[in-house]
Amino acid sequence: QLQLVESGGGVVQPGGSLRLSCVGSEFPLDLHTIGWFRQAPGKEREAVACLESSGENTNYAPDVKGRFTISVDLAKNTAYLEMNNLRPEDTAVYYCAADIFHPENIFPMPRANKYGTWGQGTQVTVSS
């Protein structure tokens with residue numbers, strides 16, 4: 001069964017950048033959809049970016065489009081979320097998730113229940 005482990009979170013000042021990594025093990029990420037979600041205290045878990053493992057189709061939440069980039073390196077079985085121009089409202093625990101490819105896992109922006117495999121999460125704090 002696919003397992004996911006995130007890393008790369010931390011504390012950064014507004015306007016700064018972070019790159020999150022999500023390493024898959026026990027099963028290849030190929031033929032999956034991969035999503036990055038975040039959950040702030042007191043809020044629901046929300047999707048911020050997702051893609052098909054071929055990289056052909058991606059989707060972003062409106063408030064991160066142009067600032068965040070999702071990508072996957074199948075040779076390393078690793079997905080990434082490059083986050084630039086970070087804002088205090090981006091503060092949250094970030095999770096990567098995966099599920100067998102289905103278009104509904106990408107368009108429209110999916111709810112968390114569309115994904116069955118989750119990592120443990122990594123904290124991102126944007127603060128001056």
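Numbering starts at 1 and runs along the sequence shown. Side chains are part of it too, since the values below use all heavy atoms of this structure and drop only hydrogens, waters and symmetry mates.
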Which atom pairs, donor and acceptor, lie under 3.5 Å between side-chain atoms of residues 103-113 and protein residues at least two apart or in another chain?
from: E104; atom 1: OE1; to: K114; atom 2: NZ; distance (Å): 3.0
from: N105; atom 1: ND2; to: T33; atom 2: OG1; distance (Å): 3.0
from: N105; atom 1: ND2; to: I100; atom 2: O; distance (Å): 3.2

When the side chains of residues 78-85 are checked against the rest of the protein, which donor-acceptor pairs come out under 3.5 Å, sequence neighbours left out?
from: T78; atom 1: OG1; to: K76; atom 2: O; distance (Å): 2.8
from: N84; atom 1: OD1; to: S17; atom 2: OG; distance (Å): 2.9

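In this structure, the side chains of N77 and D30 stay at 4.5 Å or more apart for every pair of heavy atoms. Counting heavy atoms from C-beta outward, S127 and P88 have side chains that stay 4.5 Å or more apart. The side-chain heavy atoms of L29 and L74, taken from C-beta on, include a pair separated by under 4.5 Å. Residues E6 and W36 meet the side-chain proximity criterion, which asks for heavy atoms closer than 4.5 Å. Within the 4.5 Å cutoff, the side chain of T122 has heavy atoms near those of the L20 side chain. V11 is not listed as a side-chain neighbour of V124, based on a closest heavy-atom distance of 4.5 Å or more. Residues S25 and Q3 meet the side-chain proximity criterion, which asks for heavy atoms closer than 4.5 Å.
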Would D90 and R67 count as a side-chain contact (heavy atoms from CB on, under 4.5 Å) if you check the C-alpha gap in whole Å, the side-chain angles of each, and the deciding distance to 0.1 Å?
-> CA-CA 11 Å; D90 295 318; R67 301 189 297 124; 2.8 Å; yes
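Listed by first and then second residue, the disulfide bond (SG atoms under 2.5 Å apart) pairs involving residues 66-128 are C22-C96 (not counting sequence neighbours). Residue pairs meeting the disulfide bond (SG atoms under 2.5 Å apart) criterion with at least one member in residues 29-63, sequence neighbours excluded, do not occur. For residues 53-65, the pairs satisfying salt bridge (charged side-chain N to carboxylate O under 4.0 Å, His left out) are R38-D63, with sequence neighbours left out.
For N59, there are no side-chain hydrogen bond (donor to acceptor under 3.5 Å, both in side chains) partners, not counting sequence neighbours. Residues forming a salt bridge (charged side-chain N to carboxylate O under 4.0 Å, His left out) with R45 (at least two apart in sequence, or on another chain): none. Not counting sequence neighbours, the partners of Y115 by the ring pair (Phe, Tyr, Trp, His ring centres under 6.0 Å) test are F37. Shown here are the side-chain hydrogen bond (donor to acceptor under 3.5 Å, both in side chains) partners of N57, two or more places apart in sequence or in another chain: E52. Partners of D73 under the side-chain hydrogen bond (donor to acceptor under 3.5 Å, both in side chains) rule, at least two apart in sequence or in another chain, do not exist in this structure. Applying the side-chain hydrogen bond (donor to acceptor under 3.5 Å, both in side chains) criterion to T125, with sequence neighbours excluded, gives Q123. Every residue was checked against the side chain to side chain contact (heavy atoms under 4.5 Å, CB included) condition with L31, not counting sequence neighbours, and none meets it.
When hydrophobic clusters are built by joining Ile, Leu, Val, Met, Phe, Trp and Tyr residues whose side-chain heavy atoms come closer than 4.5 Å, directly or via intermediates, F101 is not grouped with L2.
Residues Y95 and G119 approach most closely at CD2-O, 3.7 Å, considering heavy atoms.
A side-chain donor-acceptor contact under 3.5 Å links T91 to the backbone of V126. With hydrogens and angles disregarded, no donor-acceptor distance shorter than 3.5 Å links the side chain of Q39 to the backbone of V93.
Between F27 and H32, the ring-plane angle classifies as perpendicular under the 30° and 60° cut-offs.
Rounded to the nearest 0.5 angstrom, S71 OG and I34 CD1 are separated by 9.0 Å.
In summary, of the residues considered (I70, V72, T69), a side-chain contact (heavy atoms from CB on, under 4.5 Å) with T58 occurs for I70 alone.
Within a 6.0 Å radius of CD in Q1, other residues, nucleotides and ligands contribute 12 heavy atoms or fewer.
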